[in-house]
> 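Right, I'll just put the structure down here and ask away after.
Counting starts at 1 for both ligands and their atoms, following the listed order.
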Amino acid sequence: MEFRDLKTQYKVLKDDIDKAVVEVMTNCNFISGKQVEELEKELAEYVGVKHCVSCANGTDALSLALMAWYIKESDAVFVPDFTFFASGEVVSHIGATPVFVDVDKDTFNISAKSLENAVLKVKKDGRLNPKVVVGVDLFGLPADYNEIKKVADKYGLLILEDGAQGFGGEIEGKKACSFGDISTTSFFPAKPLGCYGDGGAVFTDDDNICELLKSYRVHGKGAMKYDNVRIGVNSRLDTIQAAILSVKLKAFREYELKDINRVADKYSEKLEGVVKTPYIPKGFYSSYAQYTITLDSKKVRDDLQKYLKDNDIPTMIYYPKPMHEQKAFDYLEYKGEDFKNTISLCDTVLSLPMHPYLKDDEILRVTDKIKEFFYGIK
Ligand SMILES: *Cc1c(COP(=O)(O)O)cnc(C)c1O
């Protein structure tokens, strides 16, 4: 059993993907081929925003957003404590200060209440200007942008949606990657919509921000490539990846997103009352980048993981360490007492095999082994 089965997906889409890749190689338009702009149009239309600017990876997408907002040294950027490292790394990289915020224990996403407390603390301290909140759509579930927006509006924060895991998710029919003043995603192979290498995209309704993003991603270009008006980066999505993504987006829209939700429902039905299954609030829809259960203690989690491994069932721990405990952030001098939920989740979460091609008998094998772990062999 694969944790995320990219091989089966390729087998299903092989004819179309091979054709798309060969076309790029035949034309040799490897950088900035027409497929890139076509994909950007398709993505913007799917998400329901005015502009999509593709780039080299999901981390650069976040960095480009911070560049376009001129985020600087004296700025505080609020980041959930329970997320992938990149969500906070980009803040330090641009020279600003990440301020970590505890998450909700049920949705795993940033807690609006903890966010407000963190903003008040920064204001009282007076050294930094509260500027941006990064909402991460962890494991495919959009963060609670209705609540985040209330806090953001009250304190004048910009919202940056890190939708690296959230592509395809929804709140009341509105698509993920449309909730931020700027939103981003990643096309890393294992993400909900993945390419065959690195890739990412930035989404915005703002025409000026779109122009800035397009400039920053190609060495701060002005009217043309050899007219450079600002210090930028080199962060383009290459044409082969764009061609592959167009094929994959079609499958994603037509059946993959539905199928992965069917897998999630089956897992939840079989595991109800056995372990704590993912909580999807009313009106929310997840793209299930991960299916993550919560156990009662670290010991139970670790023992269950070992039991499943012994039965050839792969699982992962996303994430074993809170952001504020990462060595790279030692310089921020966190003590840890404000992050009760994150600390507990790092010890108790376990992500199960999850992808749209998971078959019923595989799901049953996983859930049966979990029941066997708790109740013994019947
Ligand atoms: C994967 C991921 C990123 C980074 O994306 P890359 O394409 O790997 O650079 C950023 N944030 C979150 C939450 C992610 O899961």
Side-chain angles (χ1 to χ4, degrees), residues 3-4 6 39 43 52-67 77-94 98 100-101 103-104 107-110 132-145 148 159-169 176-177 179-180 182-203 213 216-217 233-238 241-242 244-245 248 286-292 316-324 326 328-329 342 345-346 349 351 354-355:
F3 186 74
R4 191 158 189 103
L6 299 174
L39 175 75
L43 289 168
C52 168
V53 178
S54 63
C55 63
N57 56 69
T59 307
D60 280 3
L62 292 166
S63 290
L64 285 165
L66 298 178
M67 286 181 208
V77 177
F78 299 88
V79 177
D81 199 34
F82 191 56
T83 180
F84 179 60
F85 187 64
S87 314
E89 178 184 33
V90 294
V91 178
S92 294
H93 197 263
I94 205 165
F100 298 121
V101 178
V103 296
D104 180 88
T107 64
F108 309 149
N109 283 328
I110 195 164
V132 177
V133 51
V134 180
V136 177
D137 305 336
L138 206 73
F139 305 151
L141 178 69
D144 192 344
Y145 291 99
I148 292 171
I159 298 175
L160 174 54
E161 177 185 5
D162 179 352
Q165 302 181 15
F167 192 84
C177 299
F179 298 116
I182 301 180
S183 305
T184 65
T185 196
S186 161
F187 303 123
F188 181 82
K191 306 277 168 158
L193 178 66
C195 60
Y196 285 177
D198 278 311
V202 190
F203 300 86
L213 293 167
Y216 275 116
R217 88 173 152 179
V233 291
N234 173 17
S235 183
R236 289 171 293 223
L237 181 73
D238 65 69
Q241 300 307 337
I244 291 166
L245 281 165
K248 288 234 216 166
S286 176
S287 57
Y288 282 103
Q290 306 295 339
Y291 185 92
T292 303
M316 300 289 281
I317 295 169
Y318 299 118
Y319 294 91
K321 212 185 238 200
M323 295 287 270
H324 77 273
Q326 293 285 2
F329 292 126
T342 300
L345 287 172
C346 288
V349 288
S351 299
M354 191 58 172
H355 56 82

> Main chain of F203, side chain of S183: is a donor-acceptor contact present, judged purely on distance under 3.5 Å?
no

> Could you grab the distance from atom OH of Y319 to atom CD of Q290, nearest 0.5 Å is fine?
7.0 Å

> Does the Y145 side chain pair with the main chain of G135, one donor and one acceptor, at a distance under 3.5 Å?
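Yes, the answer is positive, given that a donor and an acceptor are paired below the 3.5 Å cut-off.
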
> Just by distance, do the side chain of S287 and the backbone of F167 share a donor-acceptor pair under 3.5 Å?
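Yes; judged by distance alone, with no hydrogens or angles, the pair exists.
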
> List, one per line, each side-chain donor-acceptor pair under 3.5 Å for residues 80-88, sequence neighbours excluded.
{"unit_1": "D81", "atom_1": "OD1", "unit_2": "M323", "atom_2": "N", "d": "3.2"}
{"unit_1": "D81", "atom_1": "OD1", "unit_2": "H324", "atom_2": "N", "d": "2.9"}
{"unit_1": "D81", "atom_1": "OD1", "unit_2": "H324", "atom_2": "ND1", "d": "3.2"}
{"unit_1": "D81", "atom_1": "OD2", "unit_2": "H324", "atom_2": "ND1", "d": "2.7"}
{"unit_1": "T83", "atom_1": "OG1", "unit_2": "S87", "atom_2": "OG", "d": "2.8"}
{"unit_1": "S87", "atom_1": "OG", "unit_2": "F84", "atom_2": "O", "d": "3.2"}
{"unit_1": "S87", "atom_1": "OG", "unit_2": "D162", "atom_2": "OD2", "d": "3.0"}

> Using modelled atom types only, decide if a donor and an acceptor are shared between the side chain of R4 and the backbone of M354 within a distance under 3.5 Å.
yes

> For a distance cut-off of 3.5 Å, show me each N or O of ligand 1 paired with any protein N or O, plus the separation.
{"unit_1": "ligand 1", "atom_1": "5 (O)", "unit_2": "S186", "atom_2": "OG", "d": "3.4"}
{"unit_1": "ligand 1", "atom_1": "7 (O)", "unit_2": "G58", "atom_2": "N", "d": "2.7"}
{"unit_1": "ligand 1", "atom_1": "7 (O)", "unit_2": "S186", "atom_2": "OG", "d": "2.7"}
{"unit_1": "ligand 1", "atom_1": "9 (O)", "unit_2": "G58", "atom_2": "N", "d": "3.3"}
{"unit_1": "ligand 1", "atom_1": "9 (O)", "unit_2": "T59", "atom_2": "N", "d": "2.9"}
{"unit_1": "ligand 1", "atom_1": "9 (O)", "unit_2": "T59", "atom_2": "OG1", "d": "2.5"}
{"unit_1": "ligand 1", "atom_1": "11 (N)", "unit_2": "D162", "atom_2": "OD1", "d": "3.4"}
{"unit_1": "ligand 1", "atom_1": "11 (N)", "unit_2": "D162", "atom_2": "OD2", "d": "2.8"}
{"unit_1": "ligand 1", "atom_1": "15 (O)", "unit_2": "Q165", "atom_2": "NE2", "d": "2.8"}
{"unit_1": "ligand 1", "atom_1": "15 (O)", "unit_2": "K191", "atom_2": "NZ", "d": "2.7"}

